[in-house]
Amino acid sequence: MTKLKKLAAAGTVVAGALAAMLAGGTQANEPGVIEFSEAEVSRILSHGPWPMPWSPDPSNRVSGNTHAVDLGERLFFDEKLSVKENVSCGTCHVAEYNWTDGVKRNQGQALVDRNTPTLMNMRHHRWFALDGAADSLWSQSMRPIVDPRELASNATHVAQYVRKDADLSCRYEKTFGVSPARQNDEAVLVGVGKVMAAFQETLVTEHTPFDQFREALARGDKAAASLYPRDARRGLQIFIGKGNCSTCHTGPMFSNGEFHDVGVSHFIDGDSKKVDGGRHDGIKKLMSSKFNLLGPYNDDATRGSAIKTTHLKPAHSNFGEFKTPSLRNAGYTGPYMHSGELLTLDQVVRHYSELNVDRLHADGESILKPLKLTQRESADLVAFLQTLNMDRSPPWRGKEYAHPPCVVNGKAAVVDNYAP
Amino acid sequence: MKIVTLAVLMLAPAHAWACTPTLEGKAGAPGKMLNSKTYNLVFRTLPEKIVIGKHFAVELAYCAKDNAPAAASVRVDAHMPEHRHGMNYKTVVTSIGGGHYRAEGLMFHMPGRWEYIFELRAADGAPERLTASMVLQ
């Protein structure tokens, strides 16, 4: 059994277990009963509607382009982008695992330092990667390609591969209106990042039981709202109330898209000499990258898309901060936290319930304190989180295409004047 | 005669020497007035309704009371006092003419009480802070 199939099989088991947990652990409310105050309803409504409106990324001229989506999907699963031709983006971002991998930390050419984040709903993010080292989805898509621990590739390898493969070269020209043979290596690498971003922008989670409940509240449909399970309802009350979770897990995404220290160890493998600086290091990488939105590859002539980067303010307290994850489909994205050290949502809730404040920055923000939840409250909170899941994990996606051969300008794919 | 004049001056309301900054002529809400020992200030946000996680701008105008000199610099910031943190973004304040200023780059990333901080610094004096609170839902 391949690694991928093992992961897929394990995913089915996890999804089944979650479904059983939901079915067995929840009960519908009595019709007509709504226990939330006006302020609570207002807060609940702020977590929708879903899906959120979206418009193409102005920094990426092929965002939303169907040719780009097609080419991006092909390259996403193409192991030949890696120098050893053994790893693709799809190695760690597996559809059935909500576009992550189900393991604590994965391995490309070497073991990486962090848990693989999901790609779901990525089009709504402000910063990319757990440390926000990229300010666009296309620049983030380039980073694993050249990271020595992941695809370990480089611009020359990627550009030569795309130019030499007649079909890919044709699709590239169809997307950008220019042959990769007429662009330098770096420009082709950026082009690859942009089509991969276009593909990832199509990955959006579906409606959830929570969304149904929220919409029932919004239209004042008490009977429909009463179908939301009691334990999830109690958990939601904790989430927006004593748990203070919605302070950072805001809005329809259940994430404010910013960075926080939540008391998870900064040491990699528990080694005090190997420290993950989180957002602090992410900002350094971002600002030194020629591929950020202040650089020449931003297609947005107005530079309005770069406002976040222009005004970014580094702070000492950024050390050890990591991006607030979206909670949509969180039931399918374990293990959790930046290091993947917590295996289940129960463990995550326990982490916040028994929070060790000594592990927080002394000069950092004062938001978190141990929630000291009872066993039932913890279970309710988990029950609520499970209602943020789609009914099923995303279906399999991989390297199988039924598309006809690429034709550009009425001609079948040919390699255009490429001389290595 | 001098005594009479002095008496009139003493009876006059304190704001007789005050100034009133205005954002008239500019689009948007009328603005919120603030004052400190030396300055009166009016500001508004653009857009008027602030959304969590969305960048916005602040437009402001001020005047110095009692013919005091204009401030040498204007700074705009914001923080959440109860949370003990500020914004993750720094503002850039530019003069847009007619005594008006525009601060770009603000972004509130959490619900709760935020406090605007307007710092006006005289050329030869300590800074003066004017603050205004708002609760973001």
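Each chain gets a letter, A, B and so on, in the order its sequence line appears, and its residues count up from 1.
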Discussion item. Under a 3.5 Å cutoff, is there a donor and acceptor pairing between the side chains of A/Glu201 and A/Ser63?
Written reply: yes
Fill in: Which atoms of A/Ser246 approach chain B - backbone, side chain, both or neither, heavy atom under 4.5 Å
backbone
Item to complete: Examine whether an atom of B/His55 lies under 4.5 Å from a heavy atom of chain A, and if so say whether it belongs to the side chain, the backbone or both; otherwise answer neither.
Response: side chain
Discussion item. Please check if the number of heavy atoms outside B/Lys54 that lie under 6.0 Å from its NZ is greater than 12.
Written reply: no
Fill in: A/Asn292-A/Ser139 side chain donor-acceptor pair, cut-off 3.5 Å
no
Practice prompt. Name the option with the most non-hydrogen atom pairs under 4.5 Å to chain B; the candidates are A/Arg126, A/His311, A/Lys313, A/Arg43.
Written response: A/His311
Fill in: Contact origin within B/Met107 toward chain A - heavy atom pairs under 4.5 Å
side chain
Worksheet item: For the residue pair A/Phe384 and A/Phe239, does the interplanar ring angle fall in the parallel (under 30°), tilted (30 to 60°) or perpendicular (over 60°) class?
Response: tilted
Worksheet item: Is it true that A/Lys242 and A/Glu377 make a salt bridge, defined as a side-chain N closer than 4.0 Å to a carboxylate O?
Response: yes
Worksheet item: With the threshold set at 4.0 Å, does a side-chain nitrogen-carboxylate oxygen contact exist between B/Arg102 and B/Glu104?
Response: yes
Worksheet item: Should we count NZ of A/Lys308 as having more than 12 external heavy atoms under 6.0 Å?
Response: yes
Worksheet item: Which residues in residues 110-118 of chain B have a heavy atom less than 4.5 Å from any heavy atom of chain A?
Response: B/Met110, B/Pro111
Worksheet entry | Rounded distance [0.5 Å steps], CZ in A/Phe259 versus NE2 in B/His109 | 10.5 Å
Discussion item. With a 4.5 angstrom heavy-atom cut-off, is it the side chain or the backbone of A/Thr250 that approaches chain B, or both, or neither?
Written reply: side chain
Worksheet item: In terms of heavy-atom proximity below 4.5 Å to chain B, should A/Thr310 be classed as side chain, backbone, both, or neither?
Response: backbone
Discussion item. Testing A/His338, A/Arg114, A/Arg279 one by one against A/Asp131 for a side-chain hydrogen bond (donor to acceptor under 3.5 Å, both in side chains), which residue passes?
Written reply: A/Arg114
Discussion item. Is A/His249 in contact with chain B via its backbone, its side chain, both, or neither, using a 4.5 Å heavy-atom distance?
Written reply: neither
